[in-house]
Amino acid sequence: MSKKVILVVLDGLNYQVGETCMGYLQALKEQGIATLYKVECELPSMSRPLYEAILTGVAPAVSGIVHNHVTRNSNQQSIFSLARNAGLTSAAAAYNWVSELYNRTPYDAIRDRYTIDPEQLIPYGIFYHEDHYPDSHLFLDAEHLLRTYNPEFLLVHPMNIDDAGHRAGIDSGHYRNTTRRTDAALSDHLPAWIQEGYQILITADHGMNEDKSHGGLLPEEREVPLFVIGNGFSHSHSAEPQQLELCGVVCELLGINNHGKPVTEGLLSGERGL
């Protein structure tokens with residue numbers, strides 16, 4: 001397909017809260033611009049394992065990234081490595097664990113916060129290390145990367161929703177209102193991304209429970225939203241995307257051949273064989 005792709009991972013966003021509190025994204029859905037799917041995250045429903053799952057299409061029990069304190073580089077083919085092999089440019093505005101998985105580990109804020117290094121799998125990055133780092137700033141970081149380096153693939157990964165969930169739990173005004181603020185922040189940037197023809201996926205790694213945590217099998221921990229925007233998608237309501245298929249979907253949109261990753265049947269327009 002050879003299209004540019006933006007993948008937004010809203011850390012810690014439960015499906016139901018995303019469905020009911022993200023008014024701007026739901027407005028795009030009502031206008032036929034976005035389509036919303038429910039996705040069940042892999043296990044354990046924890047952050048670092050699921051960053052790896054989304055970006056490699058490999059389950060945590062197989063990748064070995066099975067909890068948040070496994071601090072090493074990924075040993076799997078990821079969107080970043082596959083894009084580099086295909087001669088494409090990637091960038092990321094993301095939490096520092098993404099830098100540790102695909103660039104250098106352990107993360108050194110002085111060295112790695114602003115990354116401009118063609119030798120890295122993520123050659124252009126702005127990484128942060130405080131969970132309360134404002135989502136509004138993170139989206140500006142993403143805009144800077146887009147406008148400065150024009151990557152074919154951009155990962156955007158804000159943390160405020162997850163931080164709110166850990167502070168107040170899923171059934172709290174703080175969690176819901178943080179989701180609403182992140183939705184509003186997205187509305188400042190999505191119109192331009194849509195106008196410029198990016199294929200956009202907006203999802204979450206995991207949800208949140210009433211104990212102010214996650215990691216297990218509860219529906220509120222595992223069910224996450226997936227909004228898709230762009231003409232590269234079929235927008236078919238019969239498609240049933242799985243979290244481990246997102247890597248392959250992005251690779252298909254980027255036009256990467258022989259990536260070997262699973263792809264959701266019926267999610268893409270003009271699908272071709274792998």
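Source: prediction; values computed, not measured.
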- [ ] Check for a donor-acceptor pair, side chain of Glu265 on one end and backbone N or O of Ala239 on the other, with a separation under 3.5 Å.
- [x] no
Task: Short side-chain donor-acceptor distance under 3.5 Å, Tyr124 and Asn150 - done: no
Open item on the list: So Val5 and Leu154, do their side chains get closer than 4.5 Å, heavy atoms only?
Closed with: no
Task: Polar side chain donor-acceptor pair, Trp193 to Gln199, under 3.5 angstrom - done: no
Open item on the list: Contact between Leu28 and Ile229 at the side-chain level, heavy atoms closer than 4.5 Å - yes or no?
Closed with: yes
TODO: Could you tell me whether a side-chain N or O of Ser45 sits under 3.5 Å from a main-chain N or O of Gly215, the two making a donor and an acceptor?
DONE: yes
Task: Distance-only polar pair, side chains of Thr56 and Gln76, donor-acceptor under 3.5 Å - done: no
Open item on the list: Regarding Asp131 and Tyr95, do their side chains bring together a donor and an acceptor under 3.5 Å, going by distance alone?
Closed with: yes
Task: Ser81 side chain vs Ser78 backbone, donor-acceptor pair below 3.5 Å - done: yes
Open item on the list: Distance alone, cut at 3.5 Å: any donor-acceptor contact between the side chains of Asp141 and His137?
Closed with: no
Task: Polar contact flag, side-chain donor to acceptor under 3.5 angstrom, Asp112-Ser99 - done: no
Task: Any Ile202 side-chain heavy atom under 4.5 Å of Leu226 side chain - done: no
Open item on the list: Just by distance, no angles: are the side chains of His214 and Glu220 close enough, under 3.5 Å, to form a donor-acceptor pair?
Closed with: no
Task: Ser269 side chain vs Asn231 backbone, donor-acceptor pair below 3.5 Å - done: yes
- [ ] Give a yes-or-no answer on whether the side chains of Asp11 and His157 include a donor-acceptor pair shorter than 3.5 Å.
- [x] yes
Open item on the list: Exactly one of Arg113, Glu100, His129 should register a side chain to side chain donor-acceptor pair (under 3.5 Å) with Tyr107. Which one does?
Closed with: His129
Open item on the list: Under a plain distance cut-off of 3.5 Å, with no hydrogens placed, do Tyr15 and Glu40 share a side-chain donor-acceptor pair?
Closed with: no
Task: Expected output: side-chain Glu223 to main-chain Glu221 donor-acceptor under 3.5 Å - done: no
Task: Of all pairs that satisfy salt bridge (Lys or Arg N to Asp or Glu O under 4.0 Å), the ones with a partner from residues 172-196, not counting sequence neighbours - done: Asp171-Arg176
Open item on the list: Between Thr179 (side chain only) and Tyr175 (backbone N and O only), is there a donor and an acceptor less than 3.5 Å apart?
Closed with: yes
Task: Modelled atom types, side-chain donor and acceptor of Thr35 and His237, under 3.5 Å - done: no
